A.B. asks: 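I have a structure I would like to understand better, so I am pasting it below and will then ask my questions one at a time.
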2 protein chains.
Amino acid sequence: MSRSTTVERILDSAELLFAEHGFAETSLRAITSDAKVNLAAVNYHFGSKKELIQAVFGRFLDPFMAGLDQSLENLSSDSKMMEVEEVLELLVNHILAVKPRRPNDIAIFMRLMGLAYTQNQGHLKRFLTESYGATLARYFEKLYGSCPGLPVSDMYWRSYFILGSAIFAMSGSEALLAIAKRDHGIDDDIEAIMRRMVPFMAAGLRAHATYDEGHS
Amino acid sequence: MSRSTTVERILDSAELLFAEHGFAETSLRAITSDAKVNLAAVNYHFGSKKELIQAVFGRFLDPFMAGLDQSLENLSSDSKMMEVEEVLELLVNHILAVKPRRPNDIAIFMRLMGLAYTQNQGHLKRFLTESYGATLARYFEKLYGSCPGLPVSDMYWRSYFILGSAIFAMSGSEALLAIAKRDHGIDDDIEAIMRRMVPFMAAGLRAHATYDEGHS
DNA sequence: AAGTGTTTCAAACCTACGTTTGAAAACTGC
DNA sequence: GCAGTTTTCAAACGTAGGTTTGAAACACTT
């Protein structure tokens with residue numbers, strides 16, 4: 001039994017500590033001591049710290065992306081146009097449906113996604129685009145489809161704008177939620193933030209084009 | 001002459017390397033070797049790496065924030081309501097007006113801002129809110145004022161959404177601009193991205209409230 | 001019970017880093 | 001041109017990190 005437990009203990013601790021402090025700032029010693037396993041276990045089971053980082057992402061992104069891909073598959077059969085809100089909510093619902101391994105798991109999930117983009121771990125970006133790029137491209141294709149008439153240039157940038165909104169707000173969510181409550185009496189949780197994102201992003205995507213591409 | 005040149009050479013190199021690789025990932029040896037100064041110079045002139053990081057931010061944020069504060073001051077005299085777009089453009093114009101110390105300086109500027117939020121350097125966040133929190137609060141007050149009728153809860157989160165959009169898109173701008181050109185034939189520059197943000201953010205801020213706070 | 005492969009463990013290795021030191025060099029004011 | 005201050009420099013210090021090692025402990029088959 002203690003065979004795979006070591007691996008999972010390491011992944012659990014690494015996931016949490018990475019989310020809290022970042023990759024470079026989290027030492028293998030901190031992880032193994034939190035996980036109550038020997039220091040050498042990481043290199044034995046994962047090979048290196050880099051591969052551990054990738055394993056942490058793989059563990060929750062594999063099922064998540066597979067599920068998302070399945071939903072996109074089902075949708076593509078009936079190809080009637082979807083509203084922007086529907087496409088956005090598809091993703092929100094998928095994220096909220098992540099079965100929590102521990103309380104506050106979605107926050108950790110999102111924080112890791114944020115770190116993946118903001119910490120410059122080249123190997124991680126390569127790993128993520130290689131593993132999940134196709135599914136993400138498919139999702140954004142659907143999103144494009146829900147914004148007919150919008151120039152690709154605006155669509156391109158706006159998809160990064162919404163990505164930034166989501167990652168930024170989510171990855172700082174613990175702190176931001178606390179401030180919201182303390183200073184403004186706003187009693188939200190992670191789910192509430194994600195619900196609030198939808199109308200904001202939908203309206204942003206629907207905004208008039210910045211300027212007509214080939215304005216005559 | 002070489003008195004203050006050492007300090008500036010260090011700041012120049014640090015600014016660039018921090019923006020490229022992050023704080024923890026940039027060693028003092030990398031900085032001093034790039035700046036062609038002695039390793040000990042950083043500790044001599046700045047005291048520590050932490051203080052160097054703060055100095056890098058201070059050098060461009062001091063004049064920037066002073067200018068922004070001045071503009072807000074001028075505006076507050078005539079207190080007629082401003083449109084959302086005007087408030088957003090005020091900031092965009094201030095950013096674009098940063099006099100570039102080198103080509104691509106705005107990208108570096110924005111990338112550093114992104115790092116300030118995403119890397120967990122407690123001392124830096126403390127330094128930034130202490131030094132510039134008042135001005136920023138003033139700006140967001142103006143932004144709130146341009147969205148009458150929007151519940152504070154939505155306003156609160158949406159201000160983080162736009163912050164995330166800006167920081168995310170800008171801090172990855174070099175890479176994203178290259179992809180835009182290569183894969184989509186979009187020939188934008190930093191200024192174009194910032195201009196594209198305005199209608200997106202304005203529409204997002206104007207979107208209907210997520211749900212009425214005390215819906216009867 | 002012996003043998004084989006797997007997993008754990010304490011210890012060490014080696015590198016990279018931030019910082020300190022003490023002397024040399026450069027600069028300043030007189 | 002000299003005393004005093006400031007700045008530069010090469011070298012070293014101490015620490016913390018990722019990784020490796022070789023033996024011990026364990027598990028599983030026959």
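Quick caveat, the model's predicted, so the values are computed rather than measured.
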A.B. asks: Ignoring hydrogens and angles, state whether a donor on the side chain of A:His45 or A:Thr6 is under 3.5 Å from an acceptor on the partner side chain.
C.D. replies: no
A.B. asks: Find every protein N or O atom lying less than 3.5 Å from an N or O atom of nucleotides 19-22 of chain C, and list the pairs.
C.D. replies:
| unit_1 | atom_1 | unit_2 | atom_2 | d |
| --- | --- | --- | --- | --- |
| C:dT19 | OP2 | B:Asn43 | OD1 | 3.3 |
| C:dT19 | OP2 | B:Lys49 | N | 3.0 |

A.B. asks: Are a donor atom and an acceptor atom from the side chains of B:Tyr132 and B:Asp69 found within less than 3.5 Å of each other?
C.D. replies: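 B:Asp69 and B:Tyr132 do not have a side-chain donor-acceptor pair below 3.5 Å.
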A.B. asks: Counting only N and O atoms by type, is there a donor-acceptor contact under 3.5 Å from the side chain of B:Asp188 to the main-chain atoms of B:Ala180?
C.D. replies: no
A.B. asks: Take atom CZ of A:Phe46 and atom C1' of D:dG18, then tell me their distance rounded to the nearest Å.
C.D. replies: 15 Å
A.B. asks: Whole Å only: how far is the CZ atom of B:Phe23 from the P atom of C:dG18?
C.D. replies: 13 Å
A.B. asks: Using the side chain to side chain donor-acceptor pair (under 3.5 Å) criterion, which residues pair with A:Asp34? Sequence neighbours excluded.
C.D. replies: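 A:Asp34: side chain to side chain donor-acceptor pair (under 3.5 Å) contacts with A:Ser13.
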A.B. asks: Hey, is the side chain of B:Thr6 poking within less than 4.0 Å of OP1 or OP2 on D:dT8, counting only N and O atoms?
C.D. replies: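 Affirmative; the distance criterion is met.
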A.B. asks: Are the ring centres of A:Tyr117 and B:Phe168 closer than 6.0 Å?
C.D. replies: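 Ring centroids of A:Tyr117 and B:Phe168 are less than 6.0 Å from each other.
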A.B. asks: Within the 4.0 Å heavy-atom criterion, would you say A:Thr32 contacts the bases, only the backbone, or no part of the nucleic acid?
C.D. replies: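 Touches nothing.
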A.B. asks: Between A:Leu17 (CG) and D:dG18 (C1'), how many Å, whole number?
C.D. replies: 16 Å
A.B. asks: Over how many whole Å does the gap from A:Glu25 atom CD to C:dC17 atom P extend?
C.D. replies: 14 Å
A.B. asks: Between B:His45 and D:dT8, does any side-chain N or O lie under 4.0 Å from OP1 or OP2?
C.D. replies: yes
A.B. asks: Can you see whether A:Ser48 engages A:Glu51 through a side-chain donor-acceptor pair at a distance of less than 3.5 angstrom?
C.D. replies: yes
A.B. asks: Under 4.0 Å from OP1 or OP2 of C:dC17: is there any side-chain N or O of B:Ser27 that close?
C.D. replies: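 The answer is yes; a side-chain N or O of B:Ser27 sits under 4.0 Å from OP1 or OP2.
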